[in-house]
Amino acid sequence: MLTDFVSYIIQGTVTTICVTLIALPSGLLVGLGLALINIYGGRWLSWLSSTFSLLMRGVPPIVLLFILYFVLGGNGSLINLEPFWAGSMSLGIVSSAYQMEILRGALLSVSGGQMTAARAIGMSRLKAIRYIILPQAIRLAIPPWSNEASIVLKDSSLVYALGVPEILRRAQQLSATSQQPFLAFGTAALIYFVLVFATNRLLDFISERSKLPTQPV
Amino acid sequence: MESNVILQAKNLTKIYGQNVIFKDISLDVTQGETIVIIGPSGTGKSTLLRCLNLLTRVNSGQVFLDGKEITAQGYNEDFVRQHIGMVFQNFLLFNHLTALDNVMVGLTRVKGMKKPQALEKAMHELTRVGLADRAGHYPGQLSGGQQQRVAIARALAMDPRVMLFDEPTSALDPELIGEVLTVMGQLARDRMTMLVVTHEMGFAREVADRIVFMEKGSIVEQGSPDDLFNHAQHERTREFLWKITELYGNKEKQKGGQ
């Protein structure tokens with residue numbers, strides 16, 4: 001009975017991981033685009049992306065999730081996606097604002113001289129960003145991004161509210177049917193912890209590996 | 001020497017807000033010539049260099065490279081800069097790339113050269129500045145003098161028509177200045193066309209074909225090293241040279257005293 005119990009929750013783990021693997025990269029892609037137009041896109045685009053970021057970060061994710069859900073999915077919505085897709089993409093959109101801020105900070109931390117030097121050897125702005133600025137900014141962004149990755153992983157539990165059968169949803173059902181809330185939610189907590197821990201360690205490893213040598217050899 | 005003008009500045013004026021950085025500057029740079037620009041800080045020497053390769057826009061005036069006006073509307077700036085090398089005071093090597101990749105990146109990404117050729121060319125340039133054995137080092141692993149020599153190699157790799165040096169030794173420890181000046185001296189002897197902003201009077205005296213003295217945004221006087229050091233026409237030129245030479249004398253004395 002216990003194995004059934006645990007395997008039921010573990011099936012939700014797959015869903016949780018899938019939600020995260022959709023939300024995080026799509027948030028990264030949108031966030032990167034926003035960060036780039038925020039810094040290099042001129043006044044209007046900069047204002048637009050800043051405003052987007054301000055709105056997204058100023059409202060609880062669960063509220064945004066409901067609003068976006070009724071745009072992307074659900075009855076009578078325009079696009080009518082499955083809850084799983086609508087939820088994952090909504091999370092991605094919310095996360096894109098945070099990822100934009102992370103990348104913006106990282107891009108601005110690369111000294112202006114790097115752009116000047118790149119332009120001086122004849123690179124266009126676009127090439128300079130692609131080959132000189134971004135590779136340095138991404139290194140700087142890994143530690144804060146690791147933090148955002150664990151937040152998205154944990155916030156994926158919010159799609160529970162849309163009826164997506166991820167970890168929390170299943171734990172809730174088990175708790176109700178088995179009358180063992182501590183076991184049900186304890187298992188959920190443990191799974192989340194292991195996932196977040198593993199994610200952070202992986203990103204720490206990547207960050208360490210990508211560090212530029214400064215000491216003489 | 002046959003006058004074959006590579007780079008020509010005509011009546012350049014640069015204004016930031018209310019500040020006139022320089023006004024009505026004209027300068028011809030002939031093939032193979034080494035010109036040293038000297039003058040007090042804040043006289044627009046560095047800005048002038050940046051205007052010549054279009055990193056900064058002039059407010060008025062024209063710049064010609066090989067007879068073509070590069071300040072003309074719609075002229076491809078990136079193309080211009082491929083042909084004008086620049087070396088900066090603070091080196092500005094690409095921090096995430098090894099010495100070799102710093103030199104190669106312009107060849108592969110700007111000139112579209114194939115990797116093997118780019119590698120060969122980059123190694124050739126690193127050898128030229130005496131750093132072939134540091135090819136795999138990152139900027140953080142190199143001394144200031146070595147970083148600046150890599151920066152010179154990076155600019156040379158593009159086969160520029162003219163090289164601009166913006167106070168290339170000002171950020172260096174005194175004992176590292178020599179290695180950079182040696183490389184620059186060799187370039188001058190190889191008849192690379194060079195425009196150098198520096199306070200290194202020894203270099204100016206020995207290497208320059210022409211010295212240009214700038215103050216308050218205008219060219220006060222120009223001529224051969226002998227003309228300026230020994231027969232300066234303007235009181236202000238003599239004063240500046242005397243002061244800066246005295247400063248050097250003091251440095252020498254301090255070194256000796258330690």
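Chain A is the first sequence line, chain B the second, and so forth, proteins listed ahead of strands; every chain is numbered from 1.
Using a 4.5 Å cut-off between heavy atoms, B/L93 touches chain A through its backbone atoms (N, CA, C, O) alone. Proximity to chain A (any heavy atom under 4.5 Å) is shown, for B/L54, by neither the backbone nor the side chain. If you measure heavy-atom distances from A/L212 to chain B, the contacts under 4.5 Å come from the side chain alone. Neither the backbone nor the side chain of A/R130 comes within contact range of chain B; no heavy atoms are under 4.5 Å apart.
Heavy-atom contacts from other residues, nucleotides or ligands closer than 6.0 Å to CZ of A/R43 number 12 or fewer. Summarising the local packing, CD of B/E120 is surrounded by 12 or fewer heavy atoms from other residues, nucleotides or ligands at distances under 6.0 Å. Remark: A/R57 CZ is packed, more than 12 non-hydrogen atoms of other residues, nucleotides or ligands lying under 6.0 Å away. A/M89 CE: 12 or fewer foreign heavy atoms inside a 6.0 Å radius. Within a 6.0 Å sphere centred on CZ of B/F79, other residues, nucleotides and ligands contribute 12 heavy atoms or fewer.
Of all heavy-atom pairs between A/Q114 and B/F94, the closest is OE1-CA, 3.3 Å. The two residues A/A117 and B/F88 have their closest heavy-atom pair at CA-CE1, 4.0 Å. Shown here for B/R109 and A/K127, the closest heavy-atom pair between the two residues is O-NZ, 2.7 Å.
Using a 4.5 Å cut-off on side-chain heavy atoms (C-beta onward), A/T116 and B/R50 make contact.
Checked for salt-bridge contact, A/R125 and B/D78 miss the test: no charged N lies under 4.0 Å from a carboxylate O.
Taking CG from B/L92 and CD1 from A/I121, the interatomic distance works out to 11.5 Å, rounded to the nearest 0.5 Å.
Of the listed residues B/N53, B/L55, B/L97, B/N90, the one with more heavy-atom pairs under 4.5 angstrom with chain A than any other is B/L55.
Looking only at distances, no side-chain donor or acceptor of B/Q82 sits under 3.5 Å from a matching main-chain atom of A/M123. Panel note: side chain B/H96, backbone A/L134; no donor-acceptor pair is recorded below 3.5 Å.
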